[in-house]
There are 2 protein chains.
Amino acid sequence: MADRKEIIVDPDFKEAEQFLRKNIMKRKFIIGIVDCEIRYEGRSSSKLTRGERLFILKPDGAFIVHRRTGYEPVNWQPSGSFASVINKGDHLLLKVVRPRPSEVLEVKIYSIKFIAAFELHDTGVFSMIGDEKDMQEAIKLEPSLVENGLKIIELERKTKPGFIDVLAVDKNGRLVVIELKKNRADEQAVIQLKKYVDSLKREIGGEIRGILVAPGLTRRAQRMLATLKLEFHPLSVEKCLNVLREKKGLVKFLPS
Amino acid sequence: MADRKEIIVDPDFKEAEQFLRKNIMKRKFIIGIVDCEIRYEGRSSSKLTRGERLFILKPDGAFIVHRRTGYEPVNWQPSGSFASVINKGDHLLLKVVRPRPSEVLEVKIYSIKFIAAFELHDTGVFSMIGDEKDMQEAIKLEPSLVENGLKIIELERKTKPGFIDVLAVDKNGRLVVIELKKNRADEQAVIQLKKYVDSLKREIGGEIRGILVAPGLTRRAQRMLATLKLEFHPLSVEKCLNVLREKKGLVKFLPS
DNA sequence: GAGTGGATTTCGCAT
DNA sequence: ATGCGAAGTCCACTC
C-alpha cells in the first residue's frame, strides 16, 4: 500500500525542500515532475532551457532526468553522486555533484507537479542469456559448431594485445584462434583477430589459423579478412543457445 | 497545477488497466511504481524476478524500467515501440513491442503503488559544448593549437576508410592528417589515424604526416604511435573552448 | 536498410 | 586509477 505521505502534489518550495531533504537523507527512491532549467558542467557542459521533465534520484546517488520523448535521459549523474536542495525563493535549486570526475548538475526548479519518495523493495534477480559469453560456452561444449574435429584448448587465453576468446587445435594439429562476435562482425573484429594471431605467432611460431565466428560480416570486414588470410565461420547466438539447452539444460531460465 | 485525475494511488487491476489504456491512447507521459516481474525477448533474452520498480512510458513509445539503484535501466524498449495492457486477473500484463528488430518486453504487474499520466509541456532547448566537434571548430579557427604555421585545408575530408577529422598543410608544405580525440586516445585512435594516412598516401602520394590530437595517450597507443611513425600533440577540450570563446564569443550559452 | 564513429557513453573485469 | 572490450548499447549521419 502506498502511504499518503509518500506522494505530495503541487507543493510549494518550502514544502518541497523539506520533503526532498528528508527523503534524500533517508535514502529513498525519489521521483518528481517539475518545470525546470538544467545546467551541467563536467566532462562537457550543457544547458537545457525551461520545460517540464521527470527526475529520478536514487538511494545510491544516481540521478536521471527524462524529457517527454526518447530512450535516453537528457541529463544525469551516475551512482555515487550527492544531491542537495536549496530554496532560492524564486526557484528550488536541486544540485547533484559527482566527486570524480568532478561534475556538477544543477536543476533550477520553477514549479512542481508532484514529488514522491518510496522505499522500493527489490530483491529480484536479473539474468540474461544470449551474449558473447554464451557463444563461448556453447563452442566449448560443442566445438563442431565452428568446425569438425576442433579441440578447445583454452578460453580467454592471454596474449600481449589481449585475450583470445577461444583457442583451439584443428584436426590437422594447427592452432586456431577464434574471435567471437554476437552481431555482424565489422572491420574492428578482423583487426582484433589479426592482432591475436600475430601475437601468438611471435610467441609460439608456426602456422596459426584465425577464424572469425559471427552471424555475418560487413563488406569491409569481408575484404579485410581475405586480405589478411583469415577465415570466417557463420554462427548465430540462437544456435548457440539451442546447443546450451540440449547439452546442459540451460537452467538460467525458461520461457514463462 | 497537477490535476487529481493525473495520479492514482493503489489502484486495482481494473482501474489501472482502464487508466493505462486511456492514457496510452492519449499519448501521455506515464509513470508508475509497481511490483513486477519482467521478461525480455529479442536480440537477447532476459528475465527479472519479482520486485518493485519504476516504469516510464513515453508518448513516442519509449519504455524504461528502473530498479532501486544504478544509472542504467534494467529493461527498456526504445522510441517507436508499442505498448498494450491486459488484465490477466492475478496480474496486469504490460506488453511493449518493438517492431524492428522484433523485440518484446513483458511486465507482469502484481501490484501498483501508484501510476500517473501527464502532458509534460516541454519546448526547452538543449545545447551542449565540449565535444569532438568543438575541438574541430577551435582548430579551424586557431590552427596553432596543434602546430605553428599550420593551414587547414578541409574538415571531414572523405577517404576510402572514412572521414579525416582535419586535413591541413604544415609550414613546409607537407600534408597533415589530424585525428581528434576528446578523451585520452587509445590504440583504436592510432589505427584510425594510420588508415587515413595510408589511404591518402595511396590517393595522393608523397610524404604525409599524421598527428593524433588528444589530451593524452594510453601506453599501448603511445607504443603503436611510435612504431607507425605518427605524431602526437596534446590538446584538451577546455583549451579549445577558451579559443572558441575568444574568437567567436561562443554564444551557445554562458554560465548562469 | 547497412555501415561507421561518437558518447558527459556505462559497466565489468583485470592489471 | 588505468586499460580494454562488451553492450539488447543508443544516436546521428552517410551511402
Side-chain angles (χ1 to χ4, degrees), chain A residues 38-46 62-65 70-81 98 100-105 126 128-136 156 158 160-165 179-189 191-192 195 216-222 237, chain B residues 40-46 62 64 70-81 98 100-105 126 128-136 156 158-165 179-189 192 195 216-222 237:
Chain A
I38 304 177
R39 199 179 67 82
Y40 158 75
E41 198 75 52
R43 285 165 296 176
S44 298
S45 306
S46 77
F63 182 74
I64 303 153
V65 182
Y71 160 75
E72 293 189 326
V74 62
N75 281 113
W76 70 90
Q77 209 65 290
S79 316
S81 306
R98 180 189 194 180
R100 228 175 355 267
S102 173
E103 302 190 287
V104 181
L105 192 63
F126 180 74
M128 184 154 72
I129 58 172
D131 55 10
E132 216 185 82
K133 269 283 173 232
D134 289 317
M135 294 183 76
Q136 205 183 46
E156 303 296 345
K158 193 178 178 349
K160 265 259 114 52
F163 293 85
I164 295 171
D165 286 335
E179 172 66 23
L180 298 175
K181 287 295 161 201
K182 176 179 132 59
N183 296 316
R184 182 177 293 225
D186 60 10
E187 196 185 30
Q188 261 330 106
I191 292 174
Q192 222 174 107
K195 285 195 304 182
L217 287 173
T218 67
R219 257 201 263 335
R220 284 163 54 84
Q222 227 167 68
V237 69
Chain B
Y40 157 75
E41 198 75 49
R43 286 167 294 175
S44 298
S45 306
S46 76
I64 303 152
Y71 160 76
E72 293 190 324
V74 61
N75 280 114
W76 70 90
Q77 212 62 293
S79 316
S81 306
R98 181 189 194 180
R100 236 181 349 273
S102 172
E103 301 189 287
V104 181
L105 193 63
F126 180 74
M128 183 155 72
I129 58 171
D131 55 11
E132 214 185 82
K133 268 282 174 238
D134 289 316
M135 293 183 77
Q136 204 182 48
E156 303 296 345
K158 192 180 176 353
T159 67
K160 264 260 115 54
F163 293 87
I164 294 172
D165 286 334
E179 172 66 22
L180 299 174
K181 287 295 161 198
K182 176 180 133 61
N183 296 316
R184 180 177 295 225
D186 59 11
E187 195 185 31
Q188 261 330 105
Q192 223 174 107
K195 285 196 303 183
L217 287 174
T218 66
R219 252 198 277 318
R220 284 164 57 80
Q222 228 167 69
V237 68

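Values reported hereafter were calculated over all heavy atoms of this structure, with side chains retained and with hydrogens, waters and symmetry mates removed. Letters A, B, ... are given to chains in the order of the sequence lines, protein chains preceding strands, and every chain is numbered from 1.
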Engineer: Rounded to the nearest 0.5 Å, what separates atom NZ in B:K182 from atom CZ in A:R43?
Structural biologist: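 Going from NZ on B:K182 over to CZ on A:R43, the span is 7.5 Å.
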Engineer: Do B:P161 and A:R220 come close enough that some side-chain heavy atom pair is under 4.5 Å?
Structural biologist: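 With C-beta onward as the side chain, the pair touches.
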Engineer: Could you walk me through whether A:E187 and A:T218 pass the side chain to side chain contact (heavy atoms under 4.5 Å, CB included) check?
Structural biologist: CA-CA 7 Å; A:E187 196 185 30; A:T218 67; 5.6 Å; no
Engineer: With sequence neighbours left out, write down each residue that passes side chain to side chain donor-acceptor pair (under 3.5 Å) with B:E132, or none if nothing qualifies.
Structural biologist: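 Per chain and number, B:E132 pairs via side chain to side chain donor-acceptor pair (under 3.5 Å) with no residue.
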Engineer: Applying a 4.0 Å non-hydrogen cut-off, can you work out what B:P161 is touching in the nucleic acid: base, sugar-phosphate, or nothing?
Structural biologist: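 Sugar-phosphate contact only.
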Engineer: Write out a two-atom table: protein N or O, nucleotide N or O from nucleotides 11-15 of chain C, distance below 3.5 Å.
Structural biologist:
from, atom 1, to, atom 2, distance (Å)
C:dC11, OP1, B:Y71, N, 3.4

Engineer: Checking all strands, does B:N183 fall into the base, sugar-phosphate, or nothing category for heavy-atom contacts under 4.0 angstrom?
Structural biologist: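 Here B:N183 touches the backbone only, sparing every base.
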Engineer: Give the minimum heavy-atom separation between B:M128 and B:D134, together with the two atoms involved.
Structural biologist: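 So the minimum-distance heavy-atom pair works out to O-OD2, 4.4 Å.
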Engineer: Please report, rounded to the nearest Å, how far the C1' atom of D:dC11 is from the CD atom of B:Q77.
Structural biologist: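 For the pair B:Q77 CD and D:dC11 C1', the rounded distance is 16 Å.
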Engineer: A:D186 has an atom CG; how far is it from atom C1' of D:dT14, in whole Å?
Structural biologist: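 Spelled out: CG on A:D186 to C1' on D:dT14 is 17 Å.
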Engineer: Taking atom P of D:dA6 as reference, at what distance in whole Å does atom CZ of B:R43 sit?
Structural biologist: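 Between P of D:dA6 and CZ of B:R43: 16 Å.
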Engineer: With sequence neighbours excluded, tell me which residues meet side chain to side chain contact (heavy atoms under 4.5 Å, CB included) with A:Q136.
Structural biologist: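 By the side chain to side chain contact (heavy atoms under 4.5 Å, CB included) rule, A:Q136 matches A:K133, A:L155, A:E156, A:D165, A:V166, A:L180.
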Engineer: Check if the side chain of A:N75 and the base of C:dT8 share a donor-acceptor pair of N or O atoms closer than 3.5 Å.
Structural biologist: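 Indeed there is one.
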Engineer: Would you say the base of C:dG5 and the side-chain of B:Q192 have a donor-acceptor pair closer than 3.5 Å?
Structural biologist: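 Result: no qualifying N/O pair found.
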Engineer: So A:E103, base contact, sugar-phosphate only, or nothing? Heavy-atom distance under 4.0 Å.
Structural biologist: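 The answer is base, as A:E103 lies within the cut-off (heavy atoms under 4.0 Å) of a base atom.
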Engineer: Closest nucleotide of DNA chain D for B:S44 versus for B:R219: which of these residues is on the 5' side?
Structural biologist: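 It is B:R219 whose nearest nucleotide is closer to the 5' end.
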Engineer: Could you state the CZ-C1' distance from A:F63 to C:dT8, rounded to the nearest angstrom?
Structural biologist: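 So the CZ-C1' distance, A:F63 to C:dT8, works out to 15 Å.
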Engineer: Between D:dA6, C:dT8, C:dG6, which nucleotide has the shortest distance from any of its atoms to the side chain of A:E132?
Structural biologist: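 Selected nucleotide: D:dA6.
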Engineer: Is the closest side-chain donor-acceptor distance between B:S46 and B:N75 under 3.5 Å?
Structural biologist: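 Yes, B:N75 and B:S46 have a side-chain donor paired with an acceptor closer than 3.5 Å.
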Engineer: Pick base, sugar-phosphate or nothing for B:K182, based on heavy-atom distances below 4.0 Å to the nucleic acid.
Structural biologist: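 Sugar-phosphate only.
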Engineer: Can a side chain N or O of A:W76 be found less than 4.0 Å away from OP1 or OP2 on C:dT9?
Structural biologist: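 Checking C:dT9 against A:W76, no side-chain N or O comes under 4.0 Å of OP1 or OP2.
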Engineer: Which nucleotide in the list C:dT8, C:dG3, D:dA6 gets nearest to the side chain of A:E179?
Structural biologist: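 Side chain of A:E179 sits closest to D:dA6.
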Engineer: Is the distance from OP1 or OP2 of C:dT4 to the nearest side-chain N or O of A:T218 less than 4.0 Å?
Structural biologist: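 Result: yes.
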Engineer: Could you tell me how far apart B:I64 (CD1) and D:dT9 (P) are, to the nearest whole angstrom?
Structural biologist: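 Interatomic distance, CD1 of B:I64 to P of D:dT9: 17 Å.
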Engineer: Nearest whole angstrom, please: distance from the P of C:dG5 to the CD1 of B:I164.
Structural biologist: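 That distance rounds to 12 Å.
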Engineer: Could you tell me the separation between the CZ atom of A:R220 and the P atom of D:dC15, rounded to a whole number of Å?
Structural biologist: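 These atoms are roughly 14 Å apart.
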Engineer: Which whole number of Å gives the distance between the P atom of C:dT8 and that of D:dG5?
Structural biologist: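 Those two atoms are separated by 22 Å.
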Engineer: Please determine if a side-chain N or O atom of A:R184 lies less than 4.0 Å away from the OP1 or OP2 oxygen of C:dA2.
Structural biologist: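 Indeed not, no polar side-chain atom of A:R184 lies that close.
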Engineer: Would you kindly give the CZ-to-C1' distance between B:R98 and D:dT9, to the nearest whole Å?
Structural biologist: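 It works out to 10 Å between those atoms.
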Engineer: Atom CZ of B:R98 and atom CD of B:Q77: how far apart are they, to the nearest 0.5 Å?
Structural biologist: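 Answer for the CZ-CD pair, B:R98 versus B:Q77, is 6.5 Å.
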